S.K.: 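I'd like to ask some things about the structure below.
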Amino acid sequence: MDEKYFPEQIESKWQQRWNDDGVFHAKSDDPREKFYCLEMLPYPSGFLHMGHVRNYAIGDALSWFKRLQGFNVLHPIGWDSFGQPAEQAAIKRGINPRDWTENNIVHMRGQMKRLGISYDWSREIAAHRPDYYHWDQWFFLKMLDRGLAYKKVSQVNWCPKEETVLSNEQSSGGICWRCSTPVEKRDLEQWFLRITDYAEQLVAGIKQIEDGWPEKVLKRQSDWVGRSEGAYIDFTVKDSKQKIRVFTTRIDTIYGATAIVMSPDHPLLNELLEGSALKPDIEAFAQKVRTQKAAGREVGEEEKEGVNTGVLAINPFSGETLPVWVANYVLMEYGTGAIMSVPAHDERDMEFAQKYSLPIRQVIAPVTHEQIAAEPSPTTGGDASAEIKQAFTDYGILINSGDWGAKLSEVAIPEMSAFAKEHRFGEPAVTYRIRDWGISRQRFWGAPVPVVYCDKDGMVPVPYDQLPVVLPQSASFTGTGESPLAGVPEFVNTECPKCHGPARRDTDTMDTFVDSSWYFFRYLDPGNEAAPFDPNIAKRWTPVDQYIGGDSHAVMHLIYTRFWTKFMRDIGLVDFDEPVKRLLTQGMVTNRVEGTDEWKAMSKSLGNGVDPDEMIKAFGADATRLFVLFAAPVENELRWSETGIEGAVRFLRRVYTMIWRWQERLSNPIQAGAMEFSPDARTLRRKTHQTIAKITSDFEQLHLNTSVAALMELFNQIVDLNADPAQASNEDVFAIREALESLVIMLTPFAPHIAEEMWEALGHAGGLLSETPRWPVADPELARREELEIPIQVNGKLRSRVIAAPDVSEEDLRASALADERVQALIDGHEVVKVIVVPRRLVNVVIR
RNA sequence: GCGAAAGUGGCGGAAUUGGCAGACGCGCCAGACUUAGGAUCUGGUACCGAAAGGUGUGGGGGUUCGAGUCCCCCCUUUCGCACCA
């Protein structure tokens with residue numbers, strides 16, 4: 001041990017020691033209470049960036065905290081190693097994706113180890129290895145067995161830059177999640193997973209996790225699923241048996257419907273227009289809309305456009321005849337692809353009606369609480385003949401609505417739905433916005449879809465005992481949007497499992513989000529060759545106690561993994577609905593983009609990246625991690641600046657130097673006996689216990705920045721004591737040892753290497769981790785303030801203070817406030833109206 | 001356009017949830033030690049004022065003995081959704 005602080009020596013020493021002793025090995029048969037701490041597994045791009053460092057530093061701090069508290073902590077890591085960048089490297093530079101990926105993993109694993117993150121490396125997994133994607137394929141077949149995987153031709157999202165299909169979640173907002181390129185639409189035959197079958201559960205399950213997940217993420221998920229309650233209503237086409245079914249959430253406005261509007265893609269359209277002179281015009285219009293849509297969504301709202309079909313339909317409630325239009329603002333993907341247009345009570349319908357001079361009829365009137373109380377009459381609340389220019393979209397009271405007049409919307413909606421059902425022209429209905437998950441990718445670097453096609457037997461799943469379907473060594477990487485696997489005859493040509501005749505393999509691979517939907521279950525049992533994992537072992541560790549990652553995955557990974565868990569529950573692998581109890585979405589680490597005022601996430605292409613290795617080299621892993629955690633609350637954006645990190649080094653060095661200074665004195669035992677603490681020593685002891693209490697509770701809420709601040713405060717208090725090791729009394733030594741040992745233990749989650757080093761210097765052999773919990777427990781007596789400095793206000797303004805014992809009575813406090821000289825001077829000549837005494841807080845004298 | 005969240009020193013950010021605003025750190029200023037200082041240590045650092053004192057948490061109003069915190073209006077920023085019937 002050296003008196004000077006050389007981080008690289010200390011860090012490599014302890015990394016070696018931890019590794020040799022296997023201290024981060026989690027054992028499934030350990031009887032202590034478990035804690036599963038998980039960070040989102042990285043894509044092996046080649047280099048860690050500071051965002052990773054922040055992610056792992058947070059998870060590591062929590063893992064250490066729980067370990068020191070005596071929990072059996074599982075803290076694993078792995079690689080989300082299938083995906084685009086590997087293939088791009090192959091296309092651009094001719095490198096084999098497998099070699100590229102493996103090399104990157106080697107480098108990044110080294111970086112993680114140099115950071116000293118306390119992972120259980122024996123559980124490391126990688127998605128691109130056959131022993132992992134074997135189980136992706138297994139899950140796919142299970143879904144196929146249950147009808148949850150299916151193939152269909154549909155309009156899919158296509159990223160023109162990456163030349164691949166994207167799921168709806170990956171193209172949210174109309175742009176590619178990875179490269180932000182606007183997506184186009186293409187008709188392709190694709191594999192889908194029926195996530196829509198779980199739509200209801202994905203909404204309902206939110207209740208189970210609402211205490212542990214950020215509200216923001218749950219709101220996005222709930223919006224994404226887009227549950228909507230309403231009704232289907234059938235409008236019979238005049239002079240025909242055809243019915244046009246619409247979905248509405250506002251059946252109470254149906255008497256205000258002045259048109260039916262259909263999507264240009266509506267399948268019924270062709271039939272309805274049979275023999276109509278308008279057919280060519282309408283088809284031309286539909287084609288125009290399709291072209292606009294395929295080009296990708298424009299920024300800003302498109303003008304509403306439509307054409308009258310000449311067809312008429314009958315409103316089943318009123319018997320009224322309505323024109324049927326086709327318009328670009330009605331989406332085939334939502335509801336039934338047709339709507340009833342109620343201009344008076346829907347903004348979009350209003351805009352459309354105004355443009356094409358459709359009638360606007362008010363059927364809902366605003367209603368006040370007084371009116372509700374006063375038993376409203378059919379005419380209450382407004383003049384129906386008045387011209388309306390703005391849609392009134394709130395609930396209100398029905399007018400001009402036949403038998404339903406005078407009812408409140410809330411009452412009319414369920415009654416009218418039931419009426420429609422009774423008379424067989426409609427029914428209550430729930431619709432969802434979420435669409436099935438398209439998982440086919442025309443890519444090489446992914447898990448092959450385990451299905452073959454036989455001329456005789458058609459589509460045949462690969463039998464479970466023939467898994468995994470292994471990716472070939474290589475392929476021709478052209479980046480043309482064709483599956484590279486299609487160009488590998490050894491792969492494509494196979495034997496039909498049923499008839500043993502010649503057959504062709506499916507040449508698409510699965511979305512990499514399949515891999516990440518269940519990876520944290522594989523950590524529990526990574527070597528299992530018979531199943532993805534043993535349910536009994538999983539029971540021991542799951543659900544995940546704390547998950548940490550960026551919120552960019554709020555409606556991608558995080559919704560897929562919830563879906564996957566519910567599926568695993570249905571096939572008996574797990575016995576719960578929600579995989580993650582608590583979720584932390586950490587803020588991004590940003591850096592100024594060279595030559596601009598913009599702060600953006602660090603990336604190679606922007607040239608604003610910071611290399612963690614350089615930080616480690618210059619300041620040490622401990623200081624780098626400490627700084628990242630101290631610089632901002634974990635959920636905030638962290639704007640990188642190198643000036644602050646020196647403060648972290650300075651702090652660590654000062655603590656280290658102090659330990660060194662006291663080492664000798666502290667390692668000699670002091671005689672037990674009655675202790676008489678000096679006022680300064682008492683102050684230090686109180687500070688120590690207050691700090692323990694604060695940090696312990698801060699950790700529960702992951703307020704890591706304030707924990708570090710509290711450690712610094714405690715250290716400053718020790719410095720203020722300014723004791724000389726050679727002269728210090730036994731009591732001082734006791735107080736200082738208590739403070740320093742607590743400080744070292746509580747510093748461990750932030751700077752584990754130097755903490756271990758200092759713990760050893762304090763005379764403890766065997767390292768900080770032990771069977772008995774080391775985390776200090778605050779003495780409530782000492783953590784409480786010994787005396788209070790209570791502010792005295794006059795008319796709400798601070799005028800003086802009084803020192804009092806914590807248990808001072810209200811009367812005494814009032815008396816001492818009124819006796820205060822300053823206060824008396826201010827009272828002089830005024831009337832004391834009242835004196836407010838807040839126990840332990842303050843006194844406010846109100847004068848006039 | 002709709003929705004949500006947030007506006008506190010030069011900067012990152014604290015504030016036991018209605019009770020001493022600015023903890024902790026960065027930066028800056030002064031001093032000490034030094035051949036030297038981009039090292040270290042000590043002190044200072046919201047604003048106005050020589051001081052006493054006054055003013056201060058985006059702006060305006062309100063509730064309260066007391067408001068960074070609660071309520072209303074406005075402004076700004078960030079994020080999410082963008083025809084979801």
Side-chain angles (χ1 to χ4, degrees), chain A residues 172-174 214-217 219-220 223-228 230-231 246-251 253 257 261 263 297-304 327-331 333-342 345-349 351-352 393 431-435 551 554-555 599 626-627 630-633 636-648 650-651 653-654 657 690 693-694 697 703 705-716 719 785 788-801 833-848:
Chain A
S172 169
E215 219 177 310
K216 218 171 115 186
V217 172
K219 168 131 196 344
R220 281 182 65 186
D223 287 352
W224 187 260
V225 176
R227 185 182 194 277
S228 178
V246 306
F247 176 73
T248 179
T249 54
R250 293 298 302 274
I251 193 172
T253 66
V261 186
S263 163
R297 237 172 249 134
E298 296 294 311
V299 187
E301 222 169 290
E302 267 175 56
E303 172 104 12
K304 289 184 178 45
N328 62 348
Y329 78 99
V330 178
L331 308 172
E333 304 86 72
Y334 184 76
T336 61
I339 60 156
M340 61 179 201
S341 177
V342 186
H345 305 293
D346 183 283
E347 279 161 21
R348 296 152 297 173
D349 294 341
E351 194 188 325
F352 189 69
T393 57
T431 59
Y432 301 91
R433 187 189 100 117
I434 192 170
R435 298 280 80 113
D551 72 352
V555 289
W599 293 80
L626 181 74
F627 171 66
F630 175 58
N636 283 24
E637 175 185 335
L638 169 53
R639 296 188 164 189
W640 185 257
S641 104
E642 233 146 86
T643 49
I645 195 168
E646 283 168 23
R650 207 170 295 153
F651 171 66
R653 188 164 47 218
R654 272 155 48 93
T657 309
Q690 283 160 12
K694 169 161 179 61
S697 85
H703 291 168
N705 59 324
T706 51
S707 291
V708 177
L711 286 175
M712 290 172 169
E713 279 189 65
L714 175 58
F715 177 75
N716 291 343
V719 171
R785 296 188 162 215
L788 303 167
E789 198 184 37
I790 293 181
I792 302 172
Q793 301 176 344
V794 176
N795 285 355
K797 277 201 197 314
L798 176 68
R799 295 300 179 182
S800 185
R801 296 168 203 282
V833 181
K834 56 177 156 177
V835 180
I836 289 135
V837 181
V838 184
R840 299 175 58 83
R841 277 290 157 73
L842 60 49
V843 183
N844 187 9
V845 181
V846 185
I847 61 175
R848 188 160 46 203

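Keep in mind that this is a model prediction, so the values were computed, not measured. Here is the naming used below: chain letters follow the sequence lines, and residue numbers restart at 1 for every chain. Values reported hereafter were calculated over all heavy atoms of this structure, with side chains retained and with hydrogens, waters and symmetry mates removed.
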S.K.: Kindly say if A/N716 contacts the phosphate of B/G25, meaning a side-chain N or O under 4.0 Å from OP1 or OP2.
M.R.: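 Yes.
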S.K.: Got a sec: does the CD of A/E347 have more than 12 other heavy atoms crowding it under 6.0 Å?
M.R.: no
S.K.: Given the C1' atoms of B/G13 and B/C24, what is the spacing between them in whole Å?
M.R.: 9 Å
S.K.: So, for A/G335 and A/T431, which heavy atoms are closest and what is the spacing to 0.1 Å?
M.R.: CA-CG2, 4.4 Å
S.K.: Going from CZ on A/F352 to CD on A/E303, what distance comes out if it is rounded to the nearest 0.5 angstrom?
M.R.: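 Rounded to the nearest 0.5 Å, the CZ-CD separation comes to 10.5 Å.
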S.K.: What's A/I836 touching, base or sugar-phosphate or nothing? Going by heavy atoms closer than 4.0 Å.
M.R.: base
S.K.: Over all strands shown, is A/V342 touching base, sugar-phosphate only, or nothing at heavy-atom distances under 4.0 angstrom?
M.R.: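 Counting heavy atoms under 4.0 Å across all strands, no contact is made by A/V342.
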S.K.: Name the closest nucleotide to the A/L842 side chain, picking from B/G19, B/C24, B/U55.
M.R.: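 Nearest nucleotide to the side chain: B/G19.
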S.K.: Could you grab the distance from atom CG of A/N795 to atom CG of A/N844, nearest 0.5 Å is fine?
M.R.: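 The CG atom of A/N795 sits 7.0 Å away from the CG atom of A/N844.
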S.K.: Under 4.0 Å, counting only non-hydrogen atoms across every strand here, what does A/R801 touch: a base, just sugar-phosphate, or nothing?
M.R.: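 Since a base atom lies under 4.0 Å of A/R801, the category is base.
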S.K.: Using O4'-C1'-N9-C4 for purines and O4'-C1'-N1-C2 for pyrimidines, with syn meaning within 90° of 0, is B/G56 syn or anti?
M.R.: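 Base orientation: anti.
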S.K.: What distance, rounded to whole Å, do you find between the two C1' atoms, one in B/C11 and one in B/C73?
M.R.: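 Taking atom C1' in both B/C11 and B/C73, they lie 32 Å apart.
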S.K.: Heavy atoms from C-beta onward define the side chain here; which of B/C81, B/G19, B/C26 lies closest to that of A/T643?
M.R.: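 Shortest atom-to-atom distance from the side chain points to B/C26.
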S.K.: Could you give the distance separating B/U34 and B/G27 at their P atoms, to the nearest angstrom?
M.R.: 25 Å
S.K.: Less than 4.5 Å apart, any side-chain heavy atom of A/Y329 and any of A/S341?
M.R.: yes
S.K.: If you check the A/T248 side chain, which of B/C65, B/A85, B/G12 turns out closest?
M.R.: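 The answer is B/A85, which lies nearest to the side chain.
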S.K.: For B/C65, take OP1 and OP2 only and decide whether either is under 4.0 Å from a side-chain N or O of A/K834.
M.R.: yes
S.K.: Give one of base, sugar-phosphate or nothing for A/G335, where a contact means two heavy atoms less than 4.0 Å apart.
M.R.: nothing
S.K.: For A/R220, answer base if it contacts any base atom (sugar-phosphate contacts may also be present), sugar-phosphate if it contacts only those atoms, and nothing otherwise; contact means non-hydrogen atoms under 4.0 Å.
M.R.: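 It contacts sugar-phosphate atoms only.
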S.K.: Looking at the side chain of A/P633, which of B/C83, B/A85, B/A14 is the nearest nucleotide?
M.R.: B/A14
S.K.: What is the distance, rounded to the nearest whole Å, between atom CZ of A/R433 and atom P of B/C81?
M.R.: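 Rounding to the nearest Å, CZ of A/R433 and P of B/C81 are 8 Å apart.
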S.K.: Please state the P separation for the pair B/C72 and B/A4 - nearest whole angstrom.
M.R.: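 Going atom to atom, P in each nucleotide, I get 12 Å.
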S.K.: Under 4.0 Å, counting only non-hydrogen atoms across every strand here, what does A/L331 touch: a base, just sugar-phosphate, or nothing?
M.R.: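 Touches a base.
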S.K.: Using a 4.0 Å heavy-atom cut-off across all strands, classify A/Q793 as base, sugar-phosphate, or nothing.
M.R.: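 The residue A/Q793 makes base contact.
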S.K.: Return whichever of A/G647 or A/G796 has its heavy-atom-nearest nucleotide of RNA chain B closer to the 5' end.
M.R.: A/G647
S.K.: Which one, B/A82, B/C65, B/C83, comes nearest to the side chain of A/N328?
M.R.: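 Comparing B/A82, B/C65, B/C83 against the side chain of A/N328, the answer is B/C83.
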S.K.: Hey, is B/U69 sitting syn or anti, using the within-90° cutoff around 0?
M.R.: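 Anti conformation for B/U69.
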S.K.: Under 4.0 Å between a side-chain N/O of A/S341 and OP1 or OP2 of B/A85, yes or no?
M.R.: no
S.K.: Which part of the nucleic acid does A/S172 contact within heavy-atom distance under 4.0 Å: base, sugar-phosphate only, or nothing?
M.R.: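 Since only primed, P, OP1 and OP2 atoms lie under 4.0 Å of A/S172, the category is sugar-phosphate.
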S.K.: Which nucleotide in the list B/G12, B/A85, B/A39 gets nearest to the side chain of A/R653?
M.R.: B/A39
S.K.: Is A/D349 touching bases, backbone alone, or none of the nucleic acid, heavy atoms closer than 4.0 Å?
M.R.: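 No contact at all - A/D349 keeps every heavy atom at 4.0 Å or more from the nucleic acid.
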S.K.: Contact class for A/R654 (heavy atom, under 4.0 Å): base, sugar-phosphate, or nothing?
M.R.: sugar-phosphate
S.K.: Using the C1' atom in both, what is the distance from B/A39 to B/A6, to the nearest Å?
M.R.: 41 Å
S.K.: What integer distance in Å separates A/F627:CZ from B/G25:P?
M.R.: 14 Å
S.K.: Within the 4.0 Å heavy-atom criterion, would you say A/D551 contacts the bases, only the backbone, or no part of the nucleic acid?
M.R.: nothing
S.K.: Would you indicate which nucleotide in B/A85, B/A14, B/G27 comes nearest to any side-chain atom of A/V330?
M.R.: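 Per side-chain heavy atoms of A/V330, the pick is B/A85.
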S.K.: Rounding to an integer number of angstrom, what distance separates B/G10 and B/U17 when you compare their P atoms?
M.R.: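 It comes out at 30 Å once rounded to the nearest Å.
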S.K.: Using a 4.0 Å heavy-atom cut-off across all strands, classify A/D223 as base, sugar-phosphate, or nothing.
M.R.: nothing
S.K.: Could you grab the distance from atom OG1 of A/T643 to atom CZ of A/F627, nearest 0.5 Å is fine?
M.R.: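 One finds 6.5 Å between OG1 of A/T643 and CZ of A/F627.
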S.K.: Quick one: is B/G13 close enough that its OP1 or OP2 comes under 4.0 Å of any side-chain N or O from A/N636?
M.R.: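 Yes, such a contact exists.
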S.K.: Between A/R639 and B/U78, does any side-chain N or O lie under 4.0 Å from OP1 or OP2?
M.R.: no
S.K.: With rounding to the nearest 0.5 angstrom, report the CD1 to CZ distance, A/I790 to A/R801.
M.R.: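 Between atom CD1 of A/I790 and atom CZ of A/R801 there are 11.5 Å.
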S.K.: Mind checking the P distance from B/A21 to B/G56? Whole angstroms is fine.
M.R.: 12 Å
S.K.: Between A/V719 and A/K216, name the one whose nearest nucleotide on RNA chain B is closer to the 5' end.
M.R.: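 Nearest nucleotide further toward 5': that of A/V719.
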S.K.: Please state whether the phosphate of B/C20, meaning OP1 or OP2, lies under 4.0 angstrom from any side-chain nitrogen or oxygen of A/R841.
M.R.: no
S.K.: Mind calculating the distance between CD (A/E646) and C1' (B/G27) to the nearest angstrom?
M.R.: 12 Å
S.K.: Which whole-number value in Å describes the distance from A/K797 NZ to B/A67 C1'?
M.R.: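 After rounding, the reported distance stands at 13 Å.
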S.K.: Taking any heavy-atom pair under 4.0 Å as a contact, classify A/E347: base, sugar-phosphate, or nothing.
M.R.: nothing
S.K.: Just compare B/A14, B/G19, B/A82 and give me whichever is closest to any side-chain atom of A/V838.
M.R.: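 Looking only at heavy atoms from C-beta outward on A/V838, the closest nucleotide is B/G19.
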S.K.: State the CE-CG distance between A/M712 and A/L626, to the nearest 0.5 angstrom.
M.R.: 5.5 Å
